[in-house]
Structure formats: C-alpha cells, structure tokens
Amino acid sequence: MARAQTTRRSGILNALAELFQRIDGGDGYKTDLTGTISTRMKFWDEVDVFPSLHMSAGTETREYYGGGQKFRFLTVTLRIYVNADDPIEELEEVLEDVETVIDDAGHFNYSATEGTQNIMQTTVVSISTDEGVLAPLGVGEMILEIRY
C-alpha cells in the first residue's frame, strides 16, 4: 500500500534533468547541456565540463485544504557553471534556455512510488549570477518552486 505522506524529491529532480536534456544547441536553444546535467550539487573543483547544470532539492512545504486535499511545494536550486571569454553572456544564454524549457514544459510528469504523477506549476522565484567576478569562470543560480 502506498503511503499518503511521501516526498517526491528525487522523482522531481530526475524529471527536471530529463527536461533539461532538451537543451542541446538545436531547435532554437543557444547552448548545449547534453550530458552535463546532474541531480546533485558539485563543488567547483568537481566540475570539469562547461557549461554544466547541477540541482538540489531544498525546503518542502505543504498547504492543506479541507477534505484531505493538499498541495506540496518543493524549492529546487539550479546552479549553472560556465567557462567562457564572456561568462555573463554565456550564463544569460544558459539561464534563458533553462527558463524556456520550464515555460514550455507546463504540467510535466514525474515518477513516484504510486506511479506517474503531475507537476501542477513551476515558478521561477529568482535568478542571480556572480556578475563576472570569477571570469573566465562564471556561476549562475536559479531558484524554482515546484507545486505538485
């Protein structure tokens, strides 16, 4: 019997990673993230391929309604590493591609112990970069809120 109070953190991260594999430099995408996406954060010294995208699941909250209904909210941090002559421009292109995939995906599915489930909404909460202080390296961060 499936538990009613389970978290879906890894299933959601895996689904996001699959979505981001679409960023392959073709079909209007400006960058290629093929094979450089990880569902775990890495330190700078562990990153050897650029650009790369790493993500982690953060705080998870619940919003309860009557009749046993509830929504779950998961904060996901995306960290993008680049190495380029103009790292800010490179970061902006990767971040734009990531946001395009999120917008195009809408209500995407993820795998859970109960079977395939649906994401209700993905909201970009914030976007930030290092503003070039590490040039030619660069790091950008996007915070997402996943409603499921």
Next on the checklist: Run the side chain to side chain donor-acceptor pair (under 3.5 Å) test against S128 and tell me which residues pass, sequence neighbours left out.
Outcome noted: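 For S128 there are no side chain to side chain donor-acceptor pair (under 3.5 Å) partners, ignoring immediate neighbours.
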
Indicate the atoms forming the closest heavy-atom contact of [X] with [Y], along with that distance.
| X | Y | value |
| --- | --- | --- |
| V98 | M142 | CG1-SD, 3.8 Å |
| P136 | P87 | O-CB, 3.7 Å |
| A57 | R9 | O-NH2, 3.0 Å |
| M41 | T77 | CE-O, 3.4 Å |
| G35 | Q21 | N-OE1, 3.5 Å |
| A15 | N109 | CB-O, 3.5 Å |

Does some side-chain heavy atom of [Y] sit less than 4.5 Å from a side-chain heavy atom of [X]?
| X | Y | value |
| --- | --- | --- |
| I37 | M55 | yes |
| E60 | L74 | yes |
| D24 | L33 | no |
| Y110 | T116 | no |
| T61 | T59 | yes |
| I119 | I12 | yes |

Item to check | Pair F71 and Y65, ring centroids less than 6.0 Å apart | outcome: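 For F71 and Y65, the ring centres are under 6.0 Å apart.
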
Next on the checklist: Is a donor from one side chain sitting under 3.5 angstrom from an acceptor on the other, for S52 and H54?
Outcome noted: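 H54 and S52 do have a side-chain donor-acceptor pair below 3.5 Å.
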
Checklist entry - What pairs of residues pass the salt bridge (charged side-chain N to carboxylate O under 4.0 Å, His left out) test when at least one of them lies in residues 128-141, not counting sequence neighbours? => result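 Qualifying pairs: R79-E141.
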
Checklist entry - CG/L144 to OG1/T122 distance, rounded to the nearest 0.5 angstrom? => result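 Interatomic distance, L144 CG to T122 OG1, rounded to 0.5 Å: 7.0 Å.
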
Check for a donor-acceptor pair, side chain of [X] on one end and backbone N or O of [Y] on the other, with a separation under 3.5 Å.
| X | Y | result |
| --- | --- | --- |
| D97 | T31 | yes |
| Y81 | V49 | no |
| T123 | V125 | no |
| T36 | P51 | yes |

Next on the checklist: Can you tell me if E63 has over 12 outside heavy atoms packed within less than 6.0 Å of its CD?
Outcome noted: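 Counting neighbours around CD of E63, more than 12 heavy atoms of other residues, nucleotides or ligands fall under 6.0 Å, so yes.
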
Checklist entry - Between Y148 and F73, is a ring-ring contact (aromatic ring centres under 6.0 Å, His included) present by the stated rule, with each step listed? => result CA-CA 6 Å; Y148 65 100; F73 298 88; 8.4 Å; no

